[in-house]
Amino acid sequence: MLAELFEIASSSDENRRVPMARAKSTGEQHSRRERSRPSRISGVYVISVAARLADMHPQTLRKYDKEGLVSPQRSEGSRRLYSDSDVERLRVIRRLADELRLNLNGVSLVLDLVRSLTDIVSLLESSPEVSDTRAARVAADELRQILSYVGAV
DNA sequence: CTTCTCACA
DNA sequence: TGTGAGTA
């Protein structure tokens, strides 16, 4: 359906023998860079860790990947690497599916809409000529309500 | 990736 | 009993 809208650049699929540094199934991979204030700590997690953070089973994450709901980066060995935003996205999916009882097609549709609405809110707030109008403020406020209801804060 | 279970209509 | 979601 609309799932093909999400595309994350995948690196080259070279199946070279890269010595995997202690392939621990639990624990974070890579270091955490604290770039100019810890406003955003970027973590990278293997599927088992990401599943635990999102309170899901690893098989569910594989299925979501296959369905195009979440497209994690891949390592050299084609292992899925989930970012913090991927985990956050998984939590939104869990809310949409568990609480709102949406099926996966509904979830992907809502996620598409969330992205569009987020962009529209940004546009409404971008330039003063727009954001200073009453209509823009009302519209942006309404969209933010919808986004927070969906859980996309 | 395929198979199996479970819920549901 | 066919389909979708999650799991083994």
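First the proteins, then the strands, lettered A, B, ... as listed; each starts at 1.
A:Val46 is not listed as a side-chain neighbour of A:Arg79, based on a closest heavy-atom distance of 4.5 Å or more. You'll find the side chain of A:Asp86 stays beyond 4.5 Å of the side chain of A:Tyr64, heavy atoms only. For the pair A:Leu143 and A:Leu124, the minimum side-chain heavy-atom distance is below 4.5 Å. Counting only heavy atoms from C-beta outward, the side chains of A:Leu69 and A:Arg89 never approach each other to under 4.5 Å.
Remark: the A:Ser116 side chain and the A:Asp119 side chain contain no N/O donor-acceptor pair separated by less than 3.5 Å.
Using modelled atom types, one side-chain atom of A:Arg94 and one backbone atom of A:Ala54 make a donor-acceptor pair closer than 3.5 Å.
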Exercise. Taking protein heavy atoms under 4.0 Å as touching, what does nucleotides 2-8 of chain C look like 5' to 3' if B marks base contact, S marks sugar-phosphate-only contact and - marks none?
Worked result: ---BBBB
For this session: Using Watson-Crick or G-U wobble pairs with both distances under 3.5 Å, give me DNA chain B in dot-bracket, 5' to 3', with [ ] for crossers and | for pairs to another strand.
Result: .|.||||||
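Residue-environment remark: CD (A:Glu142) stays at or below the threshold of 12 foreign heavy atoms within 6.0 Å.
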